[in-house]
Structures are given as C-alpha cells and as structure tokens.
S.K.: 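One structure, as structure tokens, below. Some questions next.
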Amino acid sequence: MASTETTGTAGTTASAEDGAAPGGPAKDGLGGLEAGLDALETSATDRTPLRRTLVDKVLPPVVAVAVVLLVWQALISLKVVDDPSKLPSPADVGDEFKDAWLEGRLLGYIWTSVSRGLLGFLFALAIGTPLGLLVARVKFVRAAIGPILSGLQSLPSVAWVPPAVIWLGLNNSMMYAVILLGAVPSIANGLVSGIDQVPPLFLRAGRTMGATGWRGAWHIVMPAALPGYLAGLKQGWAFSWRSLMAAEIIASSPDLGIGLGALLENGRNASSMSMVFEAIILILFVGIAIDLLIFSPLERRVLRGRGLLVKG
Amino acid sequence: MATTILKAEGAASVEYAARIEHVSKSFAGPAGQQLVLDDITLDVAPGEFVTLLGASGCGKSTLLNLVAGLDRPTAGGITTDGRPSLMFQEHALFPWLTAGKNIELALKLRGVPKNERRGRAGELLELVRLTGSYGKRVHELSGGMRQRVALARALAQDSRLLLMDEPFAALDAITRDVLHDELTRIWAETGVSVLFVTHNVREAVRLAQRVVLLSSRPGRVAREWRVDIPQPRRIEDAPVAELSLEITEVLRGEIRRHGQH
Ligand SMILES: Nc1ncnc2c1ncn2[C@@H]1O[C@H](COP(=O)(O)OP(=O)(O)OP(=O)(O)O)[C@@H](O)[C@H]1O
Ligand SMILES: [Mg+2]
C-alpha cells in the first residue's frame with residue numbers, strides 16, 4: 001500500500017521520540033503526528049505495466065486500422081465501387097508497397113521527404129524560438145509583428161509555393177523556404193502563449209529570490225513556458241510537414257529527387273490510383289510516426305513531471 | 001525588549017530588520033484612487049516575530065509585497081536589512097523542479113557555489129523534517145509538505161527577514177499545529193526575524209512576540225499587543241485563548257465600525 005512506503009521515509013525523524021501514537025503529547029511538539037500526516041497525505045505513483053500499455057494504447061488503433069481495411073475490401077468485393085482507376089483494392093496498394101520495397105525505392109521516398117522536413121523544421125526552430133522570445137518580451141516587437149505572426153498561422157502554406165518558386169527556383173532552398181514560412185509562426189506563437197501563460201506567482205517568487213532580467217528568463221520564464229512551447233513545436237512540425245508536401249506536389253522536378261509529394265504527383269500523372277494511395281498512406285504514416293516517436297513522448301514527459309497529466 | 005530572549009547571534013549590526021515609515025499605498029480603482037494603506041509605521045526588530053492581523057481585504061498582502069520590494073509605496077519609505085524572503089499563501093514552488101532542486105535554485109541565485117548546494121539543501125530539508133523528499137516532485141507532496149518545502153526554500157535565501165503571507169491558511173487544523181511548532185523551533189534556531197500575516201487571531205497569538213492589528217479601509221495600525229506567554233505554546237493553551245478573545249473583541253469592534261458608515 002501507499003502508506004507503508006512513505007512512512008519509511010517520513011517516519012525516521014519522528015519514530016525515535018514518539019513512535020506512532022497519534023496525538024500523544026510528545027515532549028518535542030507534534031513530531032509523531034507529523035509523520036502520520038505525511039504518510040496519510042502522500043500518494044504513491046507507480047508506472048503502468050507493459051501489458052496494460054499494450055491493451056490500452058496499441059490495441060485500439062490496430063483495431064481501427066483493421067476496420068478501415070475491412071470496409072475498404074468490402075467496397076471492392078461487394079462491387080460497390082467497381083473501377084480500379086477510382087478505388088484500387090487493398091491488395092493492389094499492397095503490391096505497390098511491395099514493389100517499391102523490393103526495388104529499394106520505398107525508404108528512398110521516405111528519406112527524401114523526412115530529411116527535408118526535419119532539417120527544415122530545425123531551421124524553423126532556430127528562427128522561431130528567438131523570434132517568439134522577442135515578441136513575448138519586447139513590447140514594441142509584439143505590437144509590430146505579433147498580429148502578423150498569428151495571422152500567418154491561418155494562411156495555408158501552399159500559398160507560399162508560387163512566390164517561393166519564382167524567387168528561388170525549383171530547388172531545395174525553395175522547399176526550405178516554404179517549410180519555414182509554414183512552421184516559424186507556429187513555433188513563435190507557441191512560445192509567446194507559453195510565456196504569456198506563466199503564472200504571475202512564479203515570476204513574483206522568482207523576483208523575491210533574485211531571479212530578474214536574464215536570470216529570471218532562464219530559470220523561471222523558460223521552464224515555466226515549456227509546455228506551451230512544446231505544443232507550438234508539435235504544431236510547427238505538423239505545419240512543416242504539410243508545407244513540404246504541398247511544395248513537393250506542386251513543384252516536382254527530376255533534379256529534386258522523388259519524395260512523397262512527388263510520388264503522389266507521379267501517380268496522378270501515370271493515372272495509377274494505387275501509387276496515389278501508396279503516397280497518401282506514407283505521408284500520413286510519417287506525420288503520425290514523427291509525432292508519436294518524438295513530440296508526444298517529449299510532451300508527456302514534461303507534463304508528467306509537473307503532475308499535469310492525468311494518468312490513464 | 002523582545003530581542004533579549006533570542007540567541008546572541010540574532011543581534012545584528014542594524015537595529016531593525018524592517019523599518020516601515022509612514023507608508024501609504026493606493027491603487028487606481030473604478031472610483032478613482034483607492035487608498036488601501038494609510039500612514040503605516042512599523043518596525044521589526046532583529047530576531048523579532050511579529051504577526052500582522054487584519055480582516056480580509058485590509059491590505060496585509062499589499063503591505064507584505066511592499067516590504068518584499070515587489071511593489072512601490074505611494075508615499076513613505078521602507079528599509080530592510082538586506083533582501084527579505086517571502087513565503088506566499090500558495091506554496092509557489094516551481095513544478096518543473098523537485099523539492100530539493102527548488103531549494104537549490106534559491107541557493108544558486110544567492111551565489112552559493114555548486115558543490116555546496118546539495119549539502120545545504122539536504123540540511124534545510126532536515127530542518128523542516130523532510131529528509132526523504134529531496135527527489136519528490138511538487139505534485140507528489142501533500143499540502144503541508146509543500147508549505148514546509150516552501151519554508152525551506154525561503155530559509156535558503158538566508159535573509160535576515162522572513163515575510164510570510166498566510167502560509168498555513170489553506171491547511172487543516174492539525175497540520176497547521178504541527179507547522180506552528182516547526183516554525184517556532186526554526187525561528188528560535190536560526191534567529192531570523194519574521195513578519196507573519198494572518199487573519200486568524202489564535203494563530204497570531206500562538207506564534208508572535210508582538211501582534212499588530214490593522215484596521216480596514218484604509219489599513220492603519222489600529223493596536224498592538226506584546227505577547228509575553230513563554231514559548232512552547234499551544235494554540236489551545238488558556239493564556240493564548242484569553243488574549244485571543246481580547247484581540248477578537250477589538251477586531252470585531254473595528255469591523256463593526258465599518259458597518260455604521
Ligand atoms: N493590484 C491591485 N490593484 C487594485 N487593487 C488592489 C490591488 N491589490 C490589492 N488591491 C486592493 O487592495 C485591498 C487589499 O488587498 P490585499 O490583498 O492586500 O488584502 P489582504 O489583507 O491581504 O486580504 P486577504 O486576507 O483576503 O488576503 C483590496 O481591497 C484589493 O481589492
Ligand atoms: Mg492576502
């Protein structure tokens with residue numbers, strides 16, 4: 001039980017004088033009481049076992065995917081949709097994956113896009129973070145570009161592709177430019193709202209401890225704003241990935257290598273619906289995988305450490 | 001004088017830990033300037049334990065914030081012996097740090113070298129009897145334990161003056177009794193001066209050498225009592241109850257006075 005474990009730590013100070021007799025008029029104040037209170041009020045937090053995680057977290061999405069596949073197959077088998085150029089069968093799409101894998105192209109597609117996306121995201125991070133700090137802390141900067149920054153978030157990043165192509169040509173820099181324009185506002189805004197939501201109590205506590213100016217920013221404001229910042233990063237990644245796909249679809253060129261967006265566009269040009277499906281599934285898969293592997297664990301770690309995550 | 005019963009090291013070179021002289025504070029309200037504190041003059045001697053008592057909204061927190069330097073008085077002056085440490089009504093511990101690291105941050109900001117911090121934090125945790133809680137996160141501690149860590153963090157600042165703003169108000173009676181004992185013991189051990197705000201009359205009498213009653217709207221020093229009851233006190237002791245009754249009467253009179261206008 002929870003109480004037995006905690007008594008061990010808190011009880012050591014009190015046991016010598018008063019034992020566990022509750023309310024006993026001990027000579028040295030209320031020492032015994034104190035240990036009892038601590039033991040009563042502290043809750044033990046333990047981790048969920050692996051089996052529970054599998055059943056709670058892994059099973060539901062697997063079931064969902066299976067249901068989608070079943071419905072899809074049913075549409076084909078029952079001849080609801082009887083036109084492979086509109087809806088290919090799961091097996092056709094599966095073959096497309098298999099061929100791409102056997103010919104060694106599959107990982108190439110993924111890597112072309114993922115490496116671009118992640119590198120672009122890192123650039124966006126390096127620009128968005130100081131920008132967010134500036135907007136949050138400098139009144140003039142906030143008044144000047146704060147509204148624009150929030151406005152940019154709602155501008156679909158596809159809109160940036162034509163000007164980027166005209167300015168930079170059909171090359172990788174143009175892809176990075178589109179990613180930056182899509183992701184920097186999210187990251188900066190996340191940091192701004194994270195900083196805005198820092199409880200004033202923490203700032204005041206920091207000030208009485210001598211954490212003002214840069215020391216305050218480093219020791220109090222940044223860690224307190226971390227959850228909002230992480231949420232911004234997560235959204236920033238989603239925007240990076242979306243922008244990149246838009247750029248790859250619109251601006252495909254043989255020199256750029258074949259990423260997932262180009263694959264989709266190639267499928268369309270070749271009227272191969274199974275290739276289009278392959279590309280869509282891969283785009284979705286990568287977006288989810290990056291979120292699941294990088295951002296979600298990071299966010300959960302931070303929130304759990306602060307007791308902000310309800311277990312379940 | 002109150003200071004005579006204190007340990008010798010409590011006597012500092014300055015003759016006060018805090019000197020509040022003719023301090024007024026007003027806030028801009030909907031109906032123009034609202035005077036919250038009016039001409040408060042109050043000294044806290046080195047090593048003295050003073051409680052500030054007053055009805056809710058009379059300006060106790062405002063005064064404490066002024067002394068802590070978080071805000072400026074509209075008129076008058078406040079001098080303190082070094083930067084005071086402040087313990088808030090809510091624990092104000094940083095949730096991204098463990099209990100121990102919260103204390104170490106205070107040490108770090110004070111300039112304690114890295115290799116001494118861990119040991120110092122351990123000592124402070126021992127002082128508030130939380131030796132085993134170094135690595136605990138804030139949310140893993142009970143309310144009473146949080147306030148004890150907050151007390152340890154405030155002590156880590158090593159100020160000559162400890163300001164406390166109703167630190168135990170949200171705790172149940174038994175936990176509060178325990179913390180009263182702790183605080184009295186730590187105060188006697190460290191020789192720190194304490195300015196303790198509360199609206200609980202018995203708590204004020206239980207802890208203080210001197211009780212200062214503030215009137216409301218605007219806050220003025222209404223009356224002062226010296227508490228000569230010897231220190232291992234209990235909140236239920238007869239002399240404590242007796243003086244509390246007397247103070248409560250005056251406090252009620254103060255509040256009643258407002259009803260008449
Ligand atoms: N920043 C502020 N701006 C305007 N009015 C304020 C501000 N801070 C406090 N006040 C007003 O000053 C008065 C005193 O507030 P204060 O918080 O000091 O009361 P208190 O004595 O600490 O009360 P309590 O016991 O409820 O904590 C209140 O009427 C409050 O409305
Ligand atoms: Mg208050």
Side-chain angles (χ1 to χ4, degrees), chain A residues 2 5-14 22-23 25-45 198-212 215-216 218-227 301-309, chain B residues 65 68-71 83-98 102 105-111 126 128-134 136-146 148 150 153-154 156-157 159 163 171-172 174-175 177-182 184-185 232 234:
Chain A
E5 183 206 276
T6 44
T7 318
T9 52
T12 44
T13 51
K27 229 166 111 196
D28 180 17
L30 305 155
L33 250 183
E34 188 171 5
L37 283 169
D38 290 349
L40 278 173
E41 291 178 27
T42 317
S43 64
T45 40
V198 173
L201 182 64
F202 290 159
L203 301 178
R204 279 146 43 85
R207 271 178 66 193
T208 62
M209 290 161 62
T212 47
R215 276 162 30 121
W218 179 250
H219 289 295
I220 316 288
V221 177
M222 288 301 276
L226 193 58
R301 224 191 105 122
V302 166
L303 294 185
R304 180 176 295 134
R306 297 169 189 219
L308 292 173
L309 200 67
Chain B
N65 283 339
L70 291 173
D71 206 351
R83 184 176 54 220
S85 51
L86 173 58
M87 197 179 152
F88 298 85
Q89 180 163 349
E90 313 86 0
H91 56 79
L93 294 172
F94 302 130
W96 56 89
L97 299 172
T98 60
N102 262 285
L105 178 58
L107 294 170
K108 181 177 185 171
L109 290 168
R110 200 186 98 205
E126 203 178 307
V128 295
R129 306 197 200 224
L130 280 176
T131 319
S133 301
Y134 182 93
K136 288 242 167 70
R137 291 289 182 152
V138 176
H139 69 274
E140 293 171 320
L141 301 170
S142 74
M145 292 162 93
R146 282 175 204 174
R148 264 143 71 200
R153 188 178 72 175
Q157 290 174 248
S159 332
L163 306 169
L171 304 176
D172 68 89
I174 294 180
T175 308
D177 281 353
V178 169
L179 290 179
H180 285 162
D181 273 15
E182 296 281 306
T184 313
R185 177 178 62 80
R234 273 292 150 72

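To find a chain, count down the sequence lines: A is the first, B the second, and so on, and within it residues start at 1.
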S.K.: Which atoms of B:Pro84 come close to chain A, meaning under 4.5 Å heavy atom to heavy atom: side chain ones, backbone ones, both, or neither?
M.R.: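 For B:Pro84, the backbone is the part near chain A, not the side chain.
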
S.K.: How close do B:Gly69 and A:Arg207 get, heavy atom to heavy atom, and via which atoms?
M.R.: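 Closest approach of B:Gly69 to A:Arg207: O-NH2, 3.6 Å.
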
S.K.: So, taking the atom named CD1 in A:Ile220 and the one named CH2 in B:Trp96, what distance separates them when rounded to the nearest 0.5 Å?
M.R.: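 That separation rounds to 5.5 Å.
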
S.K.: Within the structure provided, determine whether B:Asn65 and A:Arg204 are in side-chain contact (heavy-atom separation under 4.5 Å).
M.R.: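 B:Asn65 reaches A:Arg204 side chain to side chain.
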
S.K.: Checking B:Leu163 against chain A: side chain, backbone, both or neither under 4.5 Å from a heavy atom?
M.R.: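 Neither part.
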
S.K.: Below 4.5 Å from any heavy atom of chain B, which atoms of A:Leu226 appear? Answer side chain, backbone, both or neither.
M.R.: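 Looking at A:Leu226, nothing touches chain B.
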
S.K.: Check ring-ring contact (aromatic ring centres under 6.0 Å, His included) between B:Phe88 and all other residues, then give those that pass, not counting sequence neighbours.
M.R.: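 Counting only residues at least two positions away or on another chain, B:Phe88 forms no ring-ring contact (aromatic ring centres under 6.0 Å, His included).
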
S.K.: Is there a donor-acceptor pair closer than 3.5 Å between any side-chain N or O of B:Gln157 and the backbone N or O of A:Thr208?
M.R.: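 Yes.
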
S.K.: Keeping the roles fixed (side chain from B:Arg137, backbone from A:Gly307), state whether a donor-acceptor pair exists under 3.5 Å.
M.R.: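 Such a contact is absent between B:Arg137 side chain and A:Gly307 backbone.
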
S.K.: What's the spacing between B:Leu97 CG and A:His219 NE2 if we round to 0.5 Å?
M.R.: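 Interatomic distance, B:Leu97 CG to A:His219 NE2, rounded to 0.5 Å: 10.0 Å.
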
S.K.: Got a sec, which residues hit side chain to side chain contact (heavy atoms under 4.5 Å, CB included) with A:Ala225, two or more places apart in sequence or on another chain?
M.R.: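 So A:Ala225 forms a side chain to side chain contact (heavy atoms under 4.5 Å, CB included) with A:Ile195, A:Val198.
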
S.K.: Between atom NZ of B:Lys108 and atom CE of A:Met209, what is the distance when rounded to the nearest 0.5 Å?
M.R.: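 Reported to 0.5 Å precision, the distance equals 11.0 Å.
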
S.K.: Roughly how far apart are A:Arg215 CZ and B:Leu109 CG, rounded to 0.5 Å?
M.R.: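 Those atoms lie 5.0 Å apart.
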
